[in-house]
Protein chains: 2
Amino acid sequence: MTEPRWLNADERRAWLALLSINTLLPAALDTQLQAAGKLSLFDYNVLAMLSEADGRFLPMSELAARTSASLSRLSHVVTKLQRRGWVEREAHPGDARVTVAHLTEAGMETIVSLAPGHVDAVRALMLDAMTDDDVADLARIGEKIVARLDDDHWILRER
Amino acid sequence: MTEPRWLNADERRAWLALLSINTLLPAALDTQLQAAGKLSLFDYNVLAMLSEADGRFLPMSELAARTSASLSRLSHVVTKLQRRGWVEREAHPGDARVTVAHLTEAGMETIVSLAPGHVDAVRALMLDAMTDDDVADLARIGEKIVARLDDDHWILRER
DNA sequence: TTGTTTTAGTTGAAGCTTCAAGTAAGTGAA
DNA sequence: TTCACTTACTTGAAGCTTCAACTAAAACAA
């Protein structure tokens, strides 16, 4: 009967740190975004992904992939963003099953106005704590973990 | 007028990877724990922190600190765990403001039975993706970020 | 064709988290 | 002492996320 392998010191440190970052970082960014524009980090990311997409629109599935969200969660959130006038739903010309989420002009203005403060917060909360080498290491290790969690995650799609 | 400094390639990779891990990893662990014992990752961590504490009890504030949670969130969850017979609330002898959360025998049995499967999942989902050096790097960098987010976070308390 | 399976998305309800407000006890200052 | 402030929680409501069920269209198979 094999004993379950417990975590060694570094493994435990890495795991606990990730767990804490996981709770604290989104909470801090949520607070900043809530103050700046009454939206959540997830709302922001939905708008950001659309703003970077060709033509500022994406099928719901693709948008869900780029925000690591379930279709259900995304659908509810898009409904909310739609009510605020930031996103519209459109039919897909080639495939009637597909719904396309389209960033409106108002949505674009919102994200343009919010982006600088958000990027500053990301810097202040994590990037400024690291050296350039740390950032490169974190990028490399982080992508390994992402690959393990989701083999063809979109952030791994470029060369 | 200073342009807001945008993210460079590594910074963007690190940030996007962390964001994705942040969504995918808890979701995967939640799924495992939900299947194994109908509890969430947060529930599990509350039980785990109590099981490791001296006497298997902690003041609510300290338990909140060790789970990076708000007191409100913890209070709701402890109520739920109490209903399942895993935790009890007790008065603190020296300070009447303090509530002490105490792991019951049933709670201890629960966590003992769940721990091996959970640790296996943590290994399978993240640790096995990394070399030993990666793990050490992640521990070091992760703790830097935690320190930035919360200067006297409990995971930084040991020497 | 026709039936079956898969893909894409929506919905309502249940459960979880946050937020604001409130209670009660300890601490500190005059 | 007394009053004001801070600390340690709890609570209910509102909002968010997940889950299961459902619809409808596309793809596939016989």
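Computed over heavy atoms, backbone and side chain alike; hydrogens, waters and symmetry mates excluded. Convention: sequence-line order gives letters A, B, ...; per-chain numbering from 1.
Identified under the ring pair (Phe, Tyr, Trp, His ring centres under 6.0 Å) test for residues 60-87 of chain A, with sequence neighbours left out: none. The ring pair (Phe, Tyr, Trp, His ring centres under 6.0 Å) analysis of residues 121-146 of chain B, with sequence neighbours excluded, yields no pairs.
Contacts between residues 34-67 of chain B and DNA chain C, defined by a heavy-atom separation below 4.0 Å, involve no residue at all. A heavy atom closer than 4.0 Å to some atom of DNA chain C occurs in A:His76, A:Arg89, A:Arg97, A:Val98, A:Thr99, these being the qualifying members of residues 76-102 of chain A.
Under the rule for a ring-ring contact (aromatic ring centres under 6.0 Å, His included), the partners of B:His118 that lie at least two apart in sequence or sit in another chain are B:Tyr44. Residues satisfying the ring-ring contact (aromatic ring centres under 6.0 Å, His included) test with A:Phe57, not counting sequence neighbours, are A:His102.
Separating the CG atom of B:Leu74 from the C1' atom of D:dT10 is a distance of 11 Å, rounded to the nearest angstrom. Atom C1' of nucleotide D:dT11 and atom CZ of B:Arg73 are separated by 17 Å, given to the nearest angstrom. Computed from coordinates, the A:Leu71 CG to C:dT7 P distance equals 13 Å when rounded to whole Å.
The two residues B:Ile111 and B:Ser51 make their nearest non-hydrogen contact at CG2-CB, 4.0 Å. Across all non-hydrogen atoms, the minimal contact from A:Leu63 to A:Ala101 is CD2-CB, 4.0 Å.
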Please assess A:Arg123 against B:Glu11 for the test salt bridge (charged side-chain N to carboxylate O under 4.0 Å, His left out), listing each intermediate value before the final yes or no.
-> CA-CA 9 Å; A:Arg123 284 198 183 287; B:Glu11 286 171 342; 3.1 Å; yes
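Counting heavy atoms from C-beta outward, B:Arg89 and B:Val78 have side chains that approach closer than 4.5 Å.
A donor N or O paired with an acceptor N or O is found under 3.5 Å between the base of C:dT11 and the side-chain atoms of A:Ser72.
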